[in-house]
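Side-chain atoms are counted along with the backbone in the values below, which use heavy atoms only and exclude waters and symmetry mates. Labels below follow one simple rule: chain letters A, B, ... track the order of the sequence lines, proteins then strands, and each chain is numbered from 1.
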Amino acid sequence: MSQDATHDPIPLPLAALHAELGARMVPFAGHAMPVQYPMGVMAEHVHTRTHAGLFDVSHMGQVVLEGDGAAAALERLAPMNAVDLPAGRQRYGVLLNDRGGILDDLMVANHGERLVLVVNGATKHVDMDVLRAGLPDHAPRLLKDRALLALQGPAAEDALATVVPAVASMRFMDAASNDWQGADLWISRSGYTGEDGFEVSLPVDAAEPFARALLAHDAVAPIGLGARDSLRLEAGMPLYGQDLTPEVTPVEAGLAWSIPKVRREGGAREGGFAGAERILGELTDGPSRIRVGLAPRGRAPMRAGTMLYADGAATAPLGTVTSGGFGPTVGAPVAMGYVPAGTAAGTVLMGDVRGRRLPVAVTDLPFHTPRYKR
Amino acid sequence: MKYTEDHEWLDADDNLVTVGITEYAAKQLGDVVFVELPEVGREVVKGEEIVVIESVKAASDITAPLDGEIAEVNEALADNPGLVNEDPEAAWFFKMTTTTPEEMDDLMDEDAYNEHIGE
């Protein structure tokens with residue numbers, strides 16, 4: 001069963017530090033999470049793009065898989081190449097249901113003797129049910145004794161290297177274990193902001209001193225979930241629960257890049273995953289709808305749920321906004337959503353905002369081009 | 001200056017009432033990125049939603065604090081919504097004439113409002 005949202009939110013390891021930093025806390029995925037600090041969402045967003053932001057994402061699920069064949073077993077649930085994932089590397093993938101709908105999106109890192117999955121906070125308990133059923137021989141464990149921090153932005157490498165010098169030589173999607181004052185850090189060069197940066201899993205006891213060591217760097221400021229959302233939206237990254245749901249396939253969602261040739265028709269390990277029939281069909285014939293960027297022409301943001309129409313007179317909507325807000329770096333409202341396949345970039349649709357139809361242009365994603373160190 | 005439970009401030013000059021939101025409300029909203037103002041001349045009834053404020057995270061609204069008619073709107077906010085955060089006491093949203101000026105007497109004064117927000 002997933003976390004009961006009516007229960008009091010569970011405080012995470014950095015709760016005392018967030019309070020000291022003046023965070024506004026909100027319940028999220030069953031935990032009390034910092035949504036913003038006194039700097040405010042807009043300034044926090046810009047700080048991450050220009051300096052470095054420290055995010056507490058300990059609500060996310062960290063799952064360990066052990067034993068020979070764990071990667072092959074995972075491939076039965078996710079259309080990815082986990083088997084050939086080298087030690088020290090990480091990949092993005094999606095867990096699917098039998099209809100090819102997305103149950104969650106996740107990162108898989110190969111740490112040598114084990115695979116470490118990072119899954120969404122709101123779905124981690126459902127994922128565990130799926131993983132236990134699908135990988136009974138690999139004893140999936142949801143870790144309760146590790147926190148997760150993300151350090152993102154152009155100054156992230158400098159700041160993290162003052163604490164863990166070895167990270168300077170990591171490339172995008174590398175994953176490594178490092179010792180810090182006796183604590184075993186699992187670091188990957190990745191993130192959810194469209195900036196260069198790192199995600200650091202570490203023992204709960206080490207989380208606060210480690211966070212303080214990073215915050216001591218001039219360029220590093222604490223950043224809340226509010227800015228995390230606007231950063232990922234500008235970077236064109238989908239959010240599970242909004243842009244990705246059990247009703248959406250990875251091909252519709254623009255995530256076909258995460259399905260390698262080896263799992264596609266004619267590949268050495270073709271199909272063999274939940275929902276394969278539909279997914280392989282969509283890869284060949286194309287999906288009926290696609291996730292696109294949406295740029296409202298005016299100043300009014302178009303939020304999730306905004307219905308999209310071909311023109312001002314159409315009575316039946318042709319699509320929906322699934323994420324939308326204001327993009328502080330873009331300096332204008334930004335959104336993403338689903339429209340019929342074949343809708344070209346530049347097409348102007350009408351979004352229904354509080355009963356009025358306002359123009360919105362279909363655009364390529366992302367709004368802000370990521371700057372990764374490859 | 002008078003205050004509503006919805007964190008609006010009202011400044012009356014005879015029957016012309018200027019309306020904005022309090023610093024407390026502006027802080028709760030966070031960075032304001034869009035303001036939709038009512039049309040001048042619109043007749044409004046107390047409680048009617050007449051202004052939309054969008055912050056980075058969410059949309060909220062301002063309701064008419066009294067019955068009356070919109071006399072003037074602050075177009076500067078449409079061009080520069082961030083004024084609401086910079087100086088909420090100066091960033092008025094609209095001025096209205098009211099047919100029920102006596103209802104101003106029922107609103108909170110500054111001390112009562114500060115107590116309302118727990119300060």
A/Arg24: partners by salt bridge (charged side-chain N to carboxylate O under 4.0 Å, His left out), with sequence neighbours left out: none
Taking only residues two or more places apart in sequence or in another chain, which ones pass salt bridge (charged side-chain N to carboxylate O under 4.0 Å, His left out) with A/Arg49? A/Glu195, A/Glu234
Out of B/Ala59, B/Ala58, B/Gly30, return the one with the most heavy atom pairs under 4.5 angstrom to chain A. B/Ala58
Only pairs of heavy atoms separated by less than 4.5 Å count here; which of B/Asn85, B/Val35, B/Asp31 has the most with chain A? B/Asp31
Should we say atom [atom1] of [X] is surrounded by more than 12 heavy atoms from elsewhere, each under 6.0 Å from it?
| X | atom1 | result |
| --- | --- | --- |
| B/Asp14 | CG | no |
| B/Asp109 | CG | yes |
| A/Gln242 | CD | yes |
| B/Glu49 | CD | no |

Specify which of A/Gly327, A/Ser230, A/Pro301, A/Pro328 makes the most heavy-atom pairs with chain B at under 4.5 Å. A/Pro301
B/Glu36 and A/Arg356: CA distance, side-chain angles, deciding distance, salt bridge (charged side-chain N to carboxylate O under 4.0 Å, His left out) verdict: CA-CA 12 Å; B/Glu36 189 175 291; A/Arg356 282 200 295 157; 3.0 Å; yes
Using non-hydrogen atoms and a 4.5 Å limit, figure out which bit of B/Asp79 sits close to chain A: side chain, backbone, both or neither. backbone
How close do A/Arg303 and B/Val56 get, heavy atom to heavy atom, and via which atoms? NH1-O, 3.2 Å
Is A/Arg299 in contact with chain B via its backbone, its side chain, both, or neither, using a 4.5 Å heavy-atom distance? both
